[in-house]
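Chain letters run A, B, ... following the sequence lines, proteins first and then strands; every chain starts at 1.
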2 protein chains.
Amino acid sequence: MNIKDVAKKAGVSVATISRVLNHPDTVSPTTKEHVLAIMKELNYTPNWFARGLNLNKTNVIALLIPNILNPIYTQIAKGVEDIAHQKGYNILLCNTEENESKEREYIEMLLKRKVDGLILTASLLNKKDINKIKKRETPLVMIGKNKSSAKENMVFTDYIVGAYEATKHLVETGYRKIAYISGVKHQIENIEKQIGYEKALKEFCLPVEKKYIIEGNNSIEGGYLAAKKLIQSKEIPEAIFAANDLMAVGAMDAIKTMGLRIPQDIAIVGFDNIDMSALVEPKLTTISQPVYKMGLIAARLLFDNIESNDEEENVQQEIFLQSKLKVRKSCGHEDRLREIFN
Amino acid sequence: MNIKDVAKKAGVSVATISRVLNHPDTVSPTTKEHVLAIMKELNYTPNWFARGLNLNKTNVIALLIPNILNPIYTQIAKGVEDIAHQKGYNILLCNTEENESKEREYIEMLLKRKVDGLILTASLLNKKDINKIKKRETPLVMIGKNKSSAKENMVFTDYIVGAYEATKHLVETGYRKIAYISGVKHQIENIEKQIGYEKALKEFCLPVEKKYIIEGNNSIEGGYLAAKKLIQSKEIPEAIFAANDLMAVGAMDAIKTMGLRIPQDIAIVGFDNIDMSALVEPKLTTISQPVYKMGLIAARLLFDNIESNDEEENVQQEIFLQSKLKVRKSCGHEDRLREIFN
DNA sequence: CTGAAAGCGCTAACAT
DNA sequence: ATGTTAGCGCTTTCAG
């Protein structure tokens, strides 16, 4: 069942059928009605490939995320989906599992598939990879910084500042021995978070101690294990800053399981403000990132690029969004203040 | 840059190029090497559309889920992704938002796009819709039951039994006034869960009371609101069974916020066993479904269908997986037992 | 306003 | 083992 069949049955040429599909105004109302009726009768739908072959357009964009099980990435995905659906696009979702070669492999495949655009989240790619994508002229938006220092479409929050704020809050609340549970180290964002952590310590003349910096693996279990190690060490920290909420929540579980109290024995602050962080006990102090919004904005930016005919007019945009500290109970802030003022 | 260019540069015909791409063994090693080199040099990638137009194959499957923000669906997605990636397929992810017409609209689009297969999760479609899909001959697998009673590829757990077990556990622990926070009512699974709930009550000669059945909307907030309503009613229930963990966790938050204790004042059990359920305080008793595995199995089933040449050999399979009760603290089981035996 | 026909880039049957 | 060529189903000039 193809355009020819419809043409034959409608008693017109294939060109006319194509026209009612693509330029309805150029067809007389009568024939248009007639053709439409026949199409419905035959339950005709144009062949996507043939169409793409001519138009070179897929109406598909790809979204790469490092971990589909982490709520912040599904929030981003939701944001992207909301815009994409509204624009009539479909999303190819690719889960890179924080794996550089899986990411590269995916992109290679996606480029072959001629997706109309690409959104990379927390990308592990370097400048060379990115230039390669650009050469293929597929519109590209990055969410979160990456190893390439080149100007490109990007929506991001400042992880250095976020981590700095989190750590500083802990220091100001009165803790000195502040441990850091890092995410997987090859991700830029984790490097930046560590910079922020160290910066805050240094600013308050606190030592940056290796024994207090420990790598979780971005997951609940990783946070659990890391906290356990910390607690079993000679010098238990007074507070922990975890590079994401998943690890923070895992760490809390470890702390409680080992019979310690939060925040009295160990205070904790996380990063991301996922739903879970407001439901654990005590509620988790964290850095809130507008992730859904980032997805929305990234998608809009991408479609701006896709839809613009004028290649030149499309300057690369870097959109910076603010993160902010969300103080809840786990950092023990109020208790500390009470101590100080009483 | 197309196959012709490569052919010209390599000094062979397009057929040869096509052969090294599709049937490498039928080409002499020498020319194969040569062509491969030229392809690399020219950075050639075959046009996906042209290829699809001939082969009528996309290497894309679609996964429809009701809510990307619910961890059980991302677990399923992870399972599907793991298999798909391994098979060299990409996934179009569609978030239907528990909306029947959005689901229908998506499927229409996907069928046009000629995806190679379709996995529907918690589908809202009816028999007529499903028959329509089958007529298009796109392989289809359902995760969870649906309104169509026809035999079709399906992987599922028994929601009636699960809900029955959950409720029964509450009854056996000693509660009489057991409320039910339902998911959105147009989903089959929620209808079944309610049947299981009522069945357990009836079996123990407990009344099914309308005031104790209240609709959350599958979300944390919905659970929160529902529990709040329950608590503010004249007769506060002794226990709550929530149709999913998200709502259960929201309900717990409400209970605690209103100054009641779990499980002493109100016991609670959920459904799904998402990560969060083991991290809230007290840990949530729940029904565990093997969701990741369901994704895996559904994907395998789909690929079996896609890859089988023999249309006839492919009988529709219904794969039933067991769910099981995971007893933790929130249902107060141990306390009750102590009461009974002391 | 409509039709005829030339591709889009690739695959595979048919020749050699 | 390799080349020639007819499509795959559609869009779009170009004529009328």
Sole candidate of R113(A), K102(A), R136(A) that passes salt bridge (Lys or Arg N to Asp or Glu O under 4.0 Å) when paired with E108(A): R136(A)
Expressed as a whole number of angstroms, how long is the span from [X]:[atom1] to [N]:[atom2]?
X: L21(A); N: dG9(D); atom1: CG; atom2: C1'; answer: 12 Å
X: K8(B); N: dG3(D); atom1: NZ; atom2: P; answer: 15 Å
X: R51(A); N: dG9(C); atom1: CZ; atom2: P; answer: 18 Å
X: F49(B); N: dG7(D); atom1: CZ; atom2: P; answer: 24 Å
X: L53(B); N: dG7(C); atom1: CG; atom2: C1'; answer: 12 Å
X: K112(A); N: dC10(C); atom1: NZ; atom2: P; answer: 12 Å
X: W48(B); N: dG9(D); atom1: CH2; atom2: P; answer: 19 Å

End axis versus end axis in the helix from dC1(C)-dG16(D) to dT16(C)-dA1(D), the angle rounded to 10°, five pairs used at each terminus: 30°
Contact under 4.0 Å: [X] side-chain N or O vs [N] OP1/OP2:
X: T31(A); N: dC1(C); answer: no
X: R19(A); N: dT11(D); answer: no
X: H23(A); N: dT12(D); answer: yes
X: N2(A); N: dG9(D); answer: yes
X: S28(B); N: dT2(D); answer: yes
X: N47(A); N: dG9(D); answer: no

Check ion pair K78(B)-E97(A) (N to O, under 4.0 angstrom): yes
Nearest-nucleotide pick for T16(A), side chain only, options being dT11(D), dT2(C), dC8(D): dT2(C)
